[in-house]
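Throughout, numbering of the chain's residues begins at 1 and tracks the sequence.
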Amino acid sequence: MVKADEKQPSIEQDITLDVCWFNERPAAVRNKYIIRQATFETQGLIRSINYRRNINTLEKEEGVSELKMNDIAEITIHTANPLVFDKYTENKVTGSLIFIDPDTNETVGAGLIK
């Protein structure tokens, strides 16, 4: 039971998160993936790549069209079903998710919800 004065989780389909890409196949806008968050699973797609972090300077690189292996970026996804989540800084379990390639069943990325 949650007390009335405690912060409630968010319930949304459009979610902004930081992602680390694990796969040789690049991630791009409109690519579809299985999104797994805790025990919940749904389909989703990358709606936008907001920026990529330069891992040497930590500067934001805008105008990026795809993510390659080991890229770290801020993206926005859209899920087929709403996710119930908290920010990663508030709850590591409900604030994180993974991306699964629907064709190969490989985990291709991991994200931290902002």
Contact list for residues 27-37, test salt bridge (charged side-chain N to carboxylate O under 4.0 Å, His left out), sequence neighbours left out: Arg36-Glu41
Atom pair SG (Cys20) and CD1 (Ile98), whose distance is rounded to the nearest 0.5 Å: 13.0 Å
Ile72 CD1 to Leu58 CG distance, which is reported to the nearest 0.5 Å: 8.5 Å
Side-chain hydrophobic cluster, 4.5 Å single linkage: members besides Val29: Ile15, Leu17, Val19, Trp21, Tyr33, Ile35, Phe40, Ile46, Ile49, Val64, Leu67, Ile75, Ile77, Leu83, Phe85, Leu97, Phe99, Val108, Ile113
Separation between CD1 of Ile34 and OG1 of Thr107, rounded to the nearest 0.5 Å: 10.0 Å
Sequence neighbours excluded, every pair satisfying salt bridge (charged side-chain N to carboxylate O under 4.0 Å, His left out) that has a member inside residues 89-99: Lys7-Glu90
Side chain proximity check, Ile100 to Asn105, heavy atoms < 4.5 angstrom: yes
Side-chain H-bond candidate by donor/acceptor type, Ser48 with Asn50, under 3.5 Å: yes
Distance-minimising heavy-atom pair for Val93 and Ser96: O-OG, 3.6 Å
Salt bridge (charged side-chain N to carboxylate O under 4.0 Å, His left out) contacts in which one or both residues fall within residues 101-112, not counting sequence neighbours: Arg25-Asp101
Glu12, CD: over 12 other non-hydrogen atoms inside 6.0 angstrom: yes
Euclidean distance, Thr42 OG1 relative to His78 NE2, rounded to 0.5 Å: 9.0 Å
Minimum heavy-atom distance between Ile11 and Pro82, given as atom pair plus value: CG2-CB, 3.8 Å
With Glu61 via salt bridge (charged side-chain N to carboxylate O under 4.0 Å, His left out) - residues at least two apart: Arg52
Donor-acceptor under 3.5 Å (Gln37 side chain, Val84 main chain): yes
Non-neighbouring partners of Tyr51 that pass side chain to side chain contact (heavy atoms under 4.5 Å, CB included), sequence neighbours left out: Asp18, Arg53, Lys60, Glu62, Glu74, Lys114
